[in-house]
Amino acid sequence: MADPGTAVNNGLMGEIRLAEVTETVIDAPTMERLVEDDRAGAIVSFSGNVRDHDHGRSVETLTYEGHPSAEAVLAEVAKEIEGRFDLIALAVSHRVGPIPIGEAALVAAVATAHRGEAFAACQALVDLVKERLPVWKHQVFSDGTDEWVNCA
Amino acid sequence: MADPGTAVNNGLMGEIRLAEVTETVIDAPTMERLVEDDRAGAIVSFSGNVRDHDHGRSVETLTYEGHPSAEAVLAEVAKEIEGRFDLIALAVSHRVGPIPIGEAALVAAVATAHRGEAFAACQALVDLVKERLPVWKHQVFSDGTDEWVNCA
Amino acid sequence: MPVEVHLFAAARAAVGESMVTAEAGTLESVLDTIAERYPDFAAVRPRCSFLLDEVACTDPSALVGDESRVDVLPPFAGG
Amino acid sequence: MPVEVHLFAAARAAVGESMVTAEAGTLESVLDTIAERYPDFAAVRPRCSFLLDEVACTDPSALVGDESRVDVLPPFAGG
């Protein structure tokens with residue numbers, strides 16, 4: 001097993017094992033593997049998946065658009081969470097581009113010594129990503145109409 | 001994809017996709033797959049892993065013992081959480097017997113429409129398992145001493 | 001037809017057996033019998049909970065009849 | 001050397017272009033210019049935040065010089 005103190009991914013060091021914005025498929029098991037650590041007693045992961053319905057309307061296709069700064073903002077968010085909680089490791093990924101129904105748009109995992117901190121840190125991470133990440137969601141409904149979410 | 005309304009696992013119906021006590025390897029990705037559902041917007045999983053240290057002492061081997069009623073109690077716990085939260089699906093597994101360092105002793109996953117409910121339900125599920133499940137942890141330390149956790 | 005007392009985890013370790021028998025009586029008298037026979041049991045006993053025929057029992061004066069089963073459960077430590 | 005105004009998501013949809021140019025001035029004057037040229041922009045504008053040369057800018061009177069870049073960001077909807 002790699003020494004977690006020197007783990008490098010995406011140019012980030014130490015506790016932050018990954019903070020990426022990508023057009024490829026992302027999933028929780030990958031994030032969980034990235035935060036694995038013999039010191040970790042608890043790993044909590046989150047997967048935010050694309051649904052086939054939104055407010056009762058049937059969603060046909062869904063596309064995320066990211067601002068060029070999105071990956072840098074995600075790294076800042078990860079650092080802020082790292083500073084706020086007692087983490088062993090953290091990994092987070094947001095997908096952009098078209099995402100098929102049922103696949104993940106945002107996945108995150110945190111590893112900590114104790115479980116309360118893992119739940120709190122993972123939830124705070126996801127909340128902060130939602131608040132800060134310059135990313136937009138475009139939905140096309142089965143009736144042919146479309147919307148930019150939060151901008152209707 | 002199987003109709004989640006008729007999903008059957010371990011004799012349990014509907015939202016509870018799995019509630020098992022097992023001597024085999026368990027992991028979060030398996031639980032996450034079990035709760036997958038097109039209606040799910042959020043999946044939160046927990047993995048409680050065996051550590052190589054406990055209160056500063058080096059752990060050599062670790063074994064969980066379960067009471068014969070443990071699986072029935074786990075099913076009751078799952079049902080109580082199902083009644084308390086707005087879940088789409090839940091899966092939980094506790095391993096017994098010897099567990100190598102770094103492997104999971106308890107894994108759980110919940111799927112919900114929205115993320116706040118997923119974090120709250122998964123944490124409540126894990127807390128209730130810890131409180132109610134008749135399972136015991138025996139640690140042997142590197143210095144040859146041993147202890148039953150919570151009973152020292 | 002004595003009472004079967006099943007011991008788990010730290011309680012079993014203290015007694016050295018996973019099952020011992022005792023005479024019918026109350027929950028308290030059954031546990032007293034074990035504590036007399038196995039002195040190490042006295043230390044773990046106050047921290048244990050008990051099942052009487054598979055149902056949680058917190059009443060020391062509960063009657064434990066012939067062929068009953070008592071389970072001695074130390075504090076849980078799952079997860 | 002005009003100001004480059006980069007539009008994203010609903011702002012781009014309203015304007016129909018991902019980049020338009022405007023004369024230097026203040027953030028407000030630049031946005032007014034776009035709203036006059038593209039009437040649909042007026043509806044999304046109040047909900048947007050703005051970057052001036054990659055830094056968040058909340059002051060309508062901020063000076064937007066030649067060769068500056070303004071980014072128009074509708075409300076985020078990640079995750």
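Residue numbers start from 1 in every chain, and the chains themselves are labelled A, B, ... in the order their sequence lines are given, proteins ahead of strands.
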Problem - Glu76(B) side chain reached by Leu74(B) side chain, heavy atoms, under 4.5 Å - result: no
Problem - Positions in residues 95-121 of chain B that reach chain C, provided some heavy atom is under 4.5 Å away - result: Ala105(B), Leu106(B)
Handout entry: Side chain Trp136(B), main chain Trp148(B), donor-acceptor under 3.5 Å
Key = no
Exercise for the section: Answer whether the closest heavy-atom distance between the side chains of Arg57(B) and Thr145(B) falls below 4.5 Å. Expected result: yes
Exercise for the section: Using a 4.5 Å cut-off on heavy atoms from C-beta on, say whether the side chain of Leu87(B) contacts that of Phe85(B). Expected result: yes
Exercise for the section: Evaluate the side-chain proximity of Leu73(C) to Ser49(C): yes if any heavy-atom separation is below 4.5 Å, no if none is. Expected result: yes
Practice task
Please state whether the side chain, the backbone, both or neither of His94(B) comes within less than 4.5 Å of a heavy atom of chain C.
Solution key: side chain
Practice task
Would you please go through residues 6-32 of chain C and name the residues with a non-hydrogen atom below 4.5 Å from one of chain B, in numerical order?
Solution key: Phe8(C), Ala9(C), Ala10(C), Arg12(C), Ala13(C)
Exercise for the section: With the side chain counted from C-beta on, respond yes when Val135(B) and Glu65(B) share a heavy-atom pair under 4.5 Å apart, and no when they do not. Expected result: no
Exercise for the section: Report yes if some heavy atom in the side chain of Glu147(B) is under 4.5 Å from a heavy atom in the side chain of Phe141(B); otherwise report no. Expected result: yes
Problem - Validation row: Phe46(B), Val92(B) side chains within 4.5 angstrom (heavy atoms) - result: no
Exercise for the section: Kindly indicate whether the side chain of Ile34(C), heavy atoms from C-beta on, has any atom under 4.5 Å from the side chain of Val5(C). Expected result: yes
Exercise for the section: Give, for atom CD1 of Ile26(B) and atom OG of Ser93(B), the distance between the pair rounded to the nearest 0.5 Å. Expected result: 4.0 Å
